[in-house]
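Start at 1 and go down the list; that is how both ligands and their atoms are numbered.
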Amino acid sequence: LEANFSVIRNEDGPITGLITVLHDVTDQEKLERERREFVANVSHELRTPLTTMKSYLEALEDGAMENEELAGRFLSVTQNETERMIRLVNDLLQLSKMDSNDDPFYFETRDFGTFLHEMADRYDMMFKDRGITMERWIPGRAMYVDFDSDKLAQVFDNIVSNALKYSPEGGTITLQADARDDRVVVGISDEGPGIPEENQEKVFERFYRVDKARARNLGGTGLGLAIAKEMVEGHGGWIDIESEYSRGTTLYVTLPYTGFQSAGVEA
Ligand code: ADP
């Protein structure tokens with residue numbers, strides 16, 4: 001804690017008051033440290049693909065261009081890196097909008113099961129190409145939830161794209177939804193490598209990756225789950241993780257559920 005004192009007096013007259021300002025330095029320092037780390041991380045994340053692109057472009061200039069097969073490979077590396085940088089910048093813009101409360105939510109009361117089926121249909125197509133089976137367990141009865149479908153679509157896209165990235169060939173991804181008394185819980189499980197216990201909570205931090213090199217090679221930005229967490233919290237819900245090392249991972253999205261009342265139908 002830091003204290004600043006100022007005295008209040010008229011001209012050179014007697015002191016008539018005293019102002020004390022107390023700052024919580026620890027909080028301020030923590031924020032400042034986080035900000036510095038964030039800028040350092042962003043710079044590093046942008047420099048890595050740029051350095052890679054630079055060296056591949058140099059190799060092309062130095063003769064690799066003459067070799068058709070090599071040239072094609074090198075160009076596709078630079079293209080992948082460019083795409084990853086675009087994803088990174090888009091994720092950063094998204095976070096920055098959320099940080100400055102400049103990203104309004106458009107809530108709508110809809111049947112959540114219908115929404116999940118729409119999402120799952122889309123994932124089905126994606127998974128087929130990769131030899132992954134999808135199982136879905138979505139209750140048949142209506143579950144009215146107040147939510148922003150674009151935001152939740154992004155939340156599930158981020159979680160499902162990780163499940164897909166880390167799934168073994170021929171694995172199964174399960175999407176399971178369940179309505180409890182006052183909340184709806186959606187679990188997305190994969191049969192991937194899992195995450196060691198000590199790293200599990202950190203995956204929601206910006207730029208945190210369990211295996212840096214591997215996550216980068218898979219094209220991640222390190223921001224997907226941080227964004228998902230903020231979006232779910234913007235719905236008054238929360239997100240958590242359950243994972244067993246070498247067995248698989250489940251991410252749970254929990255949202256407040258008001259049943260039929262919020263749909264305008266009184267019980
Ligand atoms: P990234 O863009 O790197 O995937 P995320 O914020 O989406 O960033 O995830 C953070 C990290 O959490 C990932 O780099 C990975 O190490 C770990 N992770 C997330 N989902 C899974 C999963 N389903 N299986 C294993 N590891 C995961």
Check this for me - ligand 1, [X], N or O atoms closer than 3.5 angstrom, yes or no?
X      : value
Leu251 : no
Asn158 : no
Tyr208 : no
Gly224 : yes

Compare every heavy atom of [Y] with every heavy atom of [X], then report the nearest pair and how far apart it is.
X      : Y      : value
Ile132 : Pro168 : CD1-O, 3.6 Å
Arg206 : Ala226 : CG-CB, 3.8 Å
Gly113 : Ile138 : CA-CG2, 3.8 Å

Of all the atoms in ligand 1, which lie at a distance below 4.0 Å from a heavy atom belonging to Ala215? 3 (O), 14 (O)
Can you list the ligand 1 atoms lying under 4.0 Å from a non-hydrogen atom of Leu225? 5 (P), 6 (O), 7 (O), 9 (O), 19 (C)
Would Lys212 count as a contact of ligand 1 if the rule is a heavy atom under 4.0 Å away? no
If you measure from each heavy atom of Gly222 to ligand 1, is any distance below 4.0 Å? yes
Working for salt bridge (Lys or Arg N to Asp or Glu O under 4.0 Å), residues Glu32 and Arg36: CA-CA 6 Å; Glu32 185 55 27; Arg36 275 199 300 266; 3.7 Å; yes
Does anything in residues 44-69 form a ring-ring contact (aromatic ring centres under 6.0 Å, His included)? List the pairs, not counting sequence neighbours. Tyr56-Phe74
For atom 23 (N) of ligand 1, which candidate among Ile173, Asn162, Asp190, Thr221 holds the nearest heavy atom? Asp190
Are Phe115 and Phe147 close enough that their ring centers fall under 6.0 Å? yes
